[in-house]
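Here's the structure, in C-alpha cells; my notes come after.
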2 protein chains.
Amino acid sequence: MREPGVKVKDRILETASRLFYDQGYNQTGINQIIEEADIARASLYHHYPSKTDLLLAYLDRTHELWFKELEAFMLPIHGPKERLLALFDFRTKRQLRLKYKGCHFSKIVAEACEDEGVFDRVRAHKERFRQYIYDLVVQADHRKLLDNEMLTDTLFLLLEGGIALGAMYRGPDYAEKAKRIAMSFL
Amino acid sequence: MREPGVKVKDRILETASRLFYDQGYNQTGINQIIEEADIARASLYHHYPSKTDLLLAYLDRTHELWFKELEAFMLPIHGPKERLLALFDFRTKRQLRLKYKGCHFSKIVAEACEDEGVFDRVRAHKERFRQYIYDLVVQADHRKLLDNEMLTDTLFLLLEGGIALGAMYRGPDYAEKAKRIAMSFL
DNA sequence: GTCTATAAAATGATAGAC
DNA sequence: GTCTATCATTTTATAGAC
C-alpha cells in the first residue's frame, strides 16, 4: 500500500530547490522546508544529513535540469550560428519564467558559501556551458573578427553579463541588448 | 574629554560593511557586528533602528566610496579611449583586493533582499556607472564598429560579466579576457 | 548616547518511539 | 523510513538604568 520511498526524498529536494532559489539559501530555514514539503523533520535529516548536503544536491539537480532544458530548447534549432543566438533566447526565456532572479550558480556564490564542494559545482557548470558555446563557435562560419577562443569568451561574457544585469534590473533589457551585440559579431 | 559621537556610528557602519561583503548580509548577525565594532547593542539600534537601515547605509557608503576610488584611479589617465580600458583595470585591481568576491550590489540582490530601497540603490549605482562609460564613449574616437549606445552596452556587459565570472572562478581571468576583447572594438 | 539585561522567535540538528 | 518532542544557539529587537 505504501508508495515507494523515493517520493519523500524528491519532495524535499524539489521544495528546497524552489525556496533556495526564490528566497535565498541562507534565508531558507529547515523549518520552512519540512513544512512546505509536508514531511517530518527527521525525514529530512535522514535523507540529507546536513543543510549543506541538501545544498549540494540542489546544485547537482539544477545543473542536470539546466542542460536537459537547454537540449530540449535547441532541438528545433538548426545551424551553429542560429544555435549560438538561441542561447541568448534560452536564457532570457528562462529568466522570464524565474522572474529575473539571476543565475542559480552565481547566486549561491554570492551568498558567501565558502564550501569547496559548492565552488566545484559552480565551476563545473560554467565550464560545461563555455564548452557548449565553443563547440558551436568552431562549427559556425562566423566573420572571423575574433578567433574561436575569443569569440567564445565574448559570447560567454555577454551572456553572463546580461543575466547579472537582468537580476539587478529585474528585467530582460540587457540580455536582449547582449543578443543584438552578439549578432553583429557572428 | 569625550570624543565626538560620530565615531561610534562610523565604527558600526565600517564593521558592518566589511562583514556584509566578506561573509554576506544574511550570514552576518547583529551580535557579530557589535562585538567586532566594540560597541553596545543598544548603540547600534540607536543609530540604525533596524538591520535594513544598516543595509541601506552600507549601500550608500559603498556607492560613494566606489566612485571616489574610481575618480582617484582615473586621475593620472588621459584620453577617453585609455580611460575606457582603464575601467577594466580599475575593477580587476579592486577585485584582487577584495579577493574576487564580486560586485557589492549584485551580491546583495543575489541574497534575495526584496526591499525596494535596496533595488533603488543598486539600479542607481549601475545606471551611474553606465553613464560614466557612455560619456567616455562619446568623447572617444573609436572605430565605429558599433554606435555609441551599443558600444557602451558592450563595454558595460563585458565589465559586469567579467566581475560575475571572476566571483565564480575566484580569479581575474575573465575580467582580463574582457579587457582584451574590448581593446579590439575601440 | 551608551550601557546591561532580556525578550520572543527562529536557527540547525538530535533522540528515541513506532 | 517516518514520526514527535526537544536541544542548545543564534537571530533581531526592546526596556530601562546611567
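Just so we're on the same page: letters track the sequence lines, and every chain starts at 1. Side-chain atoms are counted along with the backbone in the values below, which use heavy atoms only and exclude waters and symmetry mates.
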Under 3.5 Å side-chain donor-acceptor pair for A:S50 and A:D53: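 Side chains of A:S50 and A:D53: pair found under 3.5 Å.
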Distance-only donor-acceptor check, side chains A:Y25 and B:Q27, under 3.5 Å: no
Gap between atoms [atom1] and [atom2], on [X] and [N] respectively (whole Å):
| X | N | atom1 | atom2 | answer |
| --- | --- | --- | --- | --- |
| B:Q27 | C:dG12 | CD | P | 11 Å |
| B:I12 | C:dG1 | CD1 | P | 12 Å |
| A:R11 | D:dG1 | CZ | P | 15 Å |
| A:L19 | C:dT11 | CG | P | 11 Å |
| A:Y45 | D:dG1 | OH | P | 19 Å |
| B:I30 | D:dT10 | CD1 | P | 15 Å |
| A:L44 | C:dT14 | CG | C1' | 13 Å |
| B:I34 | D:dT11 | CD1 | C1' | 12 Å |

Proximity to the side chain of [X] - top-ranked nucleotide from [options]:
| X | options | answer |
| --- | --- | --- |
| B:N31 | D:dT12, D:dT2, C:dA10 | D:dT12 |
| B:A42 | C:dG12, D:dA15, D:dC3 | D:dA15 |
| B:H46 | C:dT2, D:dG1, C:dC3 | C:dT2 |

Side-chain N,O (A:S43) to OP1/OP2 (D:dC3) below 4.0 Å: yes
A:H47 vs D:dT2: side-chain N/O to OP1/OP2 distance below 4.0 Å: yes
Aromatic ring proximity A:F129/A:H125, centre distance under 6.0 Å: no
Test salt bridge (Lys or Arg N to Asp or Glu O under 4.0 Å) applied to B:E14 and B:K7, step by step: CA-CA 10 Å; B:E14 277 164 30; B:K7 268 184 88 179; over 6 Å; no
Sugar-phosphate, base or nothing in reach of B:T52, heavy atoms under 4.0 Å: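 No contact.
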Check: A:D135 side chain, A:Y132 main-chain N or O, donor-acceptor pair, under 3.5 Å: no
DNA chain C: 5'-proximal contact among B:A40 and A:S50 (nearest heavy atom): B:A40
